[in-house]
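Following: one structure in structure tokens, then a few remarks.
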Amino acid sequence: MSEVRVRFAPSPTGFFHIGSARTVLFNWLYARNTGGTFILRIEDTDKARNTDEALQVLLDGMRWLGLDWDEGPEVGGDYGPYFQSQRGAIYEEYLGKLKAAGRTYEQDGAVFFKISGEPQVLEDAIRGRVERTEEKDFVIVRSDGSPGFHLVNVVDDIAMGITHVIRGEDHLSNTSKHMELFKAFGAPLPVFAHIPLILKEQGKGKMSKRDEGALVEDYQKSGFLSEAVVNYLCLLGWSPKDDSEKMPLKEIIERFGFDGINKGNARFDSRKMSFLNTSYLRELSLDVFIEMARPILLEAGVIDVSVDEAYLKQVMAISQEKVRMPVDIVGISGTFFSEEFEIEPKAEAKVFKKGEPMVCLQEFKEALETLEDYSVAGVEAGMDALVERSGRKRNDFFGVARLAVSGLDRGPGFYELVSVLGKDRMVSRIEAFISSRSEVS
RNA sequence: GUCCCGUUCGUCUAGCCUGGCCUAGGACACAUGGUUUUCAUCCAUGCAACAGGGGUUCGAAUCCCCUACGGGAUGCCA
């Protein structure tokens, strides 16, 4: 039995495209599912646009997603080097074989490969039988002497013992070229598996790096959880067939296979991805949630490094379940850390639509001033007492008080909000609100 | 233009290979109601699809053909 060897062979461009990420993911899942080897090979034959910086974007993205490679940059392996720019001698050697076999000729300084012109019958692991006949000889060495994509791709797959080529459907038409080359080298064909493409959310065509949500690094920056991104990505074009959607990676690995991969292209859906992310977000332990939120809050200037950790923890504890997207944490918890916040006009309009909110607010403030117990239960008891003696409803106090101390009509649960802000902040914020209102009117 | 691939609710998909269990299931989104005496959740219900046309068959989402539409490839990019 031969061990499975799969590879991801990106060309570093400075971006890590979501489509590439899914191609890596499928390769990685297949390797992990079969106990095979996952190889990362860098296709940097196009000297002009390959920089070390671009490579790091790629490696960082893969690491963030948790897709580790068994052979490749930084980890080495027995089939190196893993940069095509360092494999010149190998390409020379293989090129020599083609020349010796009379399968090449030069024209205008470039080396062309003489195709056989025979129909190439591919047994694709996902699409089944695909027949295509290559019609034109193609360039394998450019006139500047550098080897071209088709040559290096095939040579490396042969030299590295790749058993399964899992790649986007955009390569399906190239496969007849590659099969010609494999045969010319007398090498056995790997199993090809062409996976469907990811189409852009709006408009026509496949997702391109300019599209909203196309870059892995954007998800990383905006605080998405990599587990959610990975989970969502594997649902684009693959299905476990039994309605499972949210699954731990371990389970995905166990269940992954070519059988569950669809033929049709899949349209990207940012809302479903967000839904999954929210779902994962809510499950985080408080400590992990805080560490996820911290950089976002620091970046937004909501907190600085000298933040009171105990207070931060209290605020996060009551905010976590309100967060839909990672960035929401800024809006939801922002007003806990500063006495200067905007009163949202929409929220204000809602509060002042009916009743006598300012009177209620005054009464509420007075109740707070005499309240001793600021635990959540204590605040609730205080509210009960206030309702009792004023003859009003709780609803008469909730909205206006929330507005006065946070400027919003939403946020953490009310009693929790009061409890965490505490007496001093509550009273002074309400006073500030009342005086700002009386000045206006 | 040519070649290759695809086509089930708005979106992701199950069902297709091995035709009847499909009055086509689930999820996101959306709508309505309920729970939460605030906010967010949560729960229930609803909306909504086999691209079209021909075959084959007792019977087709499922098999075959055509058309339409979508995607990709047609580079001395990868």
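Chain A is the first sequence line, chain B the second, and so forth, proteins listed ahead of strands; every chain is numbered from 1. Please read these numbers as outputs of a predicted model, since none were measured by experiment.
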Problem set entry | Parallel, tilted or perpendicular: ring planes of A:Phe414 versus A:Phe364, cut at 30 and 60 degrees | tilted
Exercise. Taking the same atom, P, in B:rU23 and in B:rU7, what whole-Å distance lies between them?
Worked result: 23 Å
For this session: Please round to the nearest 0.5 Å and tell me the distance separating atom CG of A:Asn277 and atom CE of A:Met325.
Result: 6.0 Å
Exercise. Taking only N and O in the side chain of A:Arg142, is any of them less than 4.0 Å away from OP1 or OP2 of B:rC77?
Worked result: yes
Exercise. Of all the nucleotides listed (B:rG70, B:rA40, B:rC12), which has the minimum atom distance to the side chain of A:Arg282?
Worked result: B:rA40
Exercise. Side chains of A:Glu134 and A:Ser176: is there a donor and an acceptor less than 3.5 Å apart?
Worked result: yes
Exercise. At under 4.0 Å between heavy atoms, what does A:Asn262 touch on the DNA or RNA strands: base, sugar-phosphate, or nothing?
Worked result: sugar-phosphate
Pairwise N/O distances under 3.5 Å, protein to nucleotides 4-6 of chain B:
| from | atom 1 | to | atom 2 | distance (Å) |
| --- | --- | --- | --- | --- |
| B:rC5 | O2' | A:Arg127 | NH1 | 2.4 |
| B:rC5 | O2' | A:Glu169 | OE2 | 2.8 |

Exercise. For A:Lys206 and B:rA73, is the shortest distance between a side-chain N/O and OP1 or OP2 below 4.0 Å?
Worked result: yes
For this session: For B:rA73 and B:rG26, measure between their C1' atoms and round to the nearest Å.
Result: 35 Å
Problem set entry | Nearest listed nucleotide, side chain of A:Lys322, among B:rC12, B:rC39, B:rA14 | B:rC39
Seminar exercise, completed: Sorted by chain and residue number, the ring-ring contact (aromatic ring centres under 6.0 Å, His included) partners of A:Phe337 (sequence neighbours excluded) come out as A:Tyr311
Seminar exercise, completed: Per-nucleotide protein contact along nucleotides 23-30 of chain B, 5' to 3', at a 4.0 Å heavy-atom cut-off (B base, S sugar-phosphate only, - neither), is --BBBSS-
Seminar exercise, completed: The complete set of salt bridge (charged side-chain N to carboxylate O under 4.0 Å, His left out) pairs with one or both residues in residues 191-201 of chain A, sequence neighbours excluded, reads A:Lys200-A:Asp211
Exercise. Do A:Ser146 and A:Arg142 have a side chain donor and acceptor closer than 3.5 Å?
Worked result: yes
Problem set entry | P gap between B:rU45 and B:rC28, integer Å | 13 Å
For this session: Identify whether any heavy atom of A:His194 sits under 4.0 Å from a base atom; if not, whether one sits that close to sugar-phosphate; answer base, sugar-phosphate or nothing.
Result: nothing
Problem set entry | Distance, C1' atom - from B:rC4 to B:rA40, rounded to whole angstrom | 50 Å
Seminar exercise, completed: A:Arg167 atom CZ is separated from B:rA73 atom P, nearest whole Å, by 13 Å
For this session: Using the C1' atoms only, state how far B:rA48 lies from B:rC12, rounded to an integer number of Å.
Result: 15 Å
Exercise. So does A:Lys204 get a side-chain nitrogen or oxygen closer than 4.0 Å to the phosphate oxygens (OP1/OP2) of B:rG70?
Worked result: yes
Problem set entry | Mate of B:rC50 where both pairing distances stay under 3.5 Å, Watson-Crick or G-U | none
Seminar exercise, completed: From the list A:Phe258, A:Phe256, A:Trp238, ring pair (Phe, Tyr, Trp, His ring centres under 6.0 Å) with A:Phe26 holds only for A:Phe256
Exercise. A:Asn231 CG to B:rU13 C1': how many Å, rounded?
Worked result: 14 Å
For this session: Could you let me know what B:rC39 is paired to, Watson-Crick or G-U wobble, both distances under 3.5 Å, or none if it's on its own?
Result: none
For this session: For nucleotides B:rA31 and B:rG71, find the distance between their P atoms and express it as a whole number of Å.
Result: 29 Å
Exercise. What integer number of Å spans the P atoms of B:rC5 and B:rU67?
Worked result: 15 Å
Problem set entry | Inter- and intrachain pairs under side chain to side chain donor-acceptor pair (under 3.5 Å), touching residues 104-115 of chain A, at least two apart | A:Tyr105-A:Asp137
For this session: Look at all strands and tell whether A:Gly128 reaches a base, only sugar-phosphate, or nothing, counting heavy atoms closer than 4.0 Å.
Result: nothing
Exercise. Any chance NZ of A:Lys209 has more than 12 other-residue heavy atoms, nucleotides or ligands included, within less than 6.0 Å?
Worked result: no
Seminar exercise, completed: One should read off an interatomic distance between A:Ile198 CD1 and A:Asp269 CG, to the nearest 0.5 angstrom, of 12.0 Å
For this session: Provide, to the nearest angstrom, the distance between the CZ atom belonging to A:Phe113 and the P atom belonging to B:rC76.
Result: 16 Å
For this session: Find the distance A:Gln84:CD to B:rA78:P and express it as a whole number of Å.
Result: 9 Å
Problem set entry | Nucleotide paired to B:rC58 in any strand shown, Watson-Crick or G-U, under 3.5 Å | B:rG20
Exercise. Checking A:Arg41 against A:Tyr79: charged group under 6.0 Å from the ring centre and within 45 degrees of the axis?
Worked result: no
For this session: Write down the distance between CD1 (A:Ile198) and P (B:rG72), rounded to a whole number of angstrom.
Result: 13 Å
For this session: Send over the distance from A:Ile261 CD1 to B:rC12 P, rounded to a whole Å.
Result: 17 Å
For this session: Would you mind telling me which residue lines up with the more 5' stretch of RNA chain B, A:Val139 or A:Glu416, judged by nearest nucleotide?
Result: A:Glu416
Problem set entry | Euclidean distance, atom CZ of residue A:Phe268 to atom C1' of B:rG10 [Å, nearest integer] | 16 Å
Exercise. Considering every strand shown, what is the Watson-Crick or G-U wobble mate of B:rA68 when both distances are under 3.5 Å?
Worked result: B:rU7
For this session: Mind checking A:Ala110 for me? I need base, sugar-phosphate or nothing, with any heavy atom below 4.0 Å counting as a touch.
Result: base
For this session: For A:Met207 and B:rG71, give me the distance from atom CE to atom P, rounded to whole Å.
Result: 15 Å
Exercise. So, the side chain of A:Asn27 versus the backbone of A:Phe8: is there a donor-acceptor pair under 3.5 Å, distance only?
Worked result: no
Exercise. Can a side chain N or O of A:Lys136 be found less than 4.0 Å away from OP1 or OP2 on B:rG75?
Worked result: yes
Problem set entry | Closest-nucleotide ordering on RNA chain B, the 5'-leading residue of A:Leu199 and A:Pro10 | A:Leu199
Problem set entry | Touch class at under 4.0 angstrom, heavy-atom based, for A:Gly237 against every strand present | sugar-phosphate
Exercise. Between A:Tyr232 and A:Lys272, is there a cation-pi geometry (under 6.0 Å to ring centre, at most 45° from the normal)?
Worked result: no
For this session: Determine the contact category for A:Ser239: base if any of its heavy atoms lies under 4.0 Å from a base atom, sugar-phosphate if only primed atoms, P, OP1 or OP2 are that close, otherwise nothing.
Result: sugar-phosphate
For this session: Hunt down the Watson-Crick or G-U wobble partner of B:rU45, both distances under 3.5 Å, from any strand shown, or write none.
Result: B:rA31
Exercise. Is A:Arg402 side chain donor-acceptor paired with the B:rU38 base, going by distance under 3.5 Å alone?
Worked result: yes
For this session: Would you mind pulling out the nucleotide paired to B:rG75, Watson-Crick or G-U wobble, both distances under 3.5 Å?
Result: none
For this session: For the pair A:Tyr219 and A:Phe224, name the ring-plane relationship: parallel under 30°, tilted 30 to 60°, perpendicular over 60°.
Result: perpendicular
All N/O contacts under 3.5 Å from nucleotides 17-19 of chain B to the protein, with atom names and distances to one decimal?
none

For this session: Rounded to whole angstrom, note down the C1' distance from B:rA51 over to B:rG75.
Result: 34 Å
Problem set entry | Closest nucleotide among B:rG72, B:rC12, B:rU38 to the A:Arg267 side chain | B:rC12
Problem set entry | A:Arg429 to A:Phe433, cation-pi by 6.0 Å centre distance and 45° axis angle | no
Exercise. Just how far is it from atom NE2 of A:His194 to atom NZ of A:Lys263, taken to the nearest 0.5 Å?
Worked result: 14.5 Å
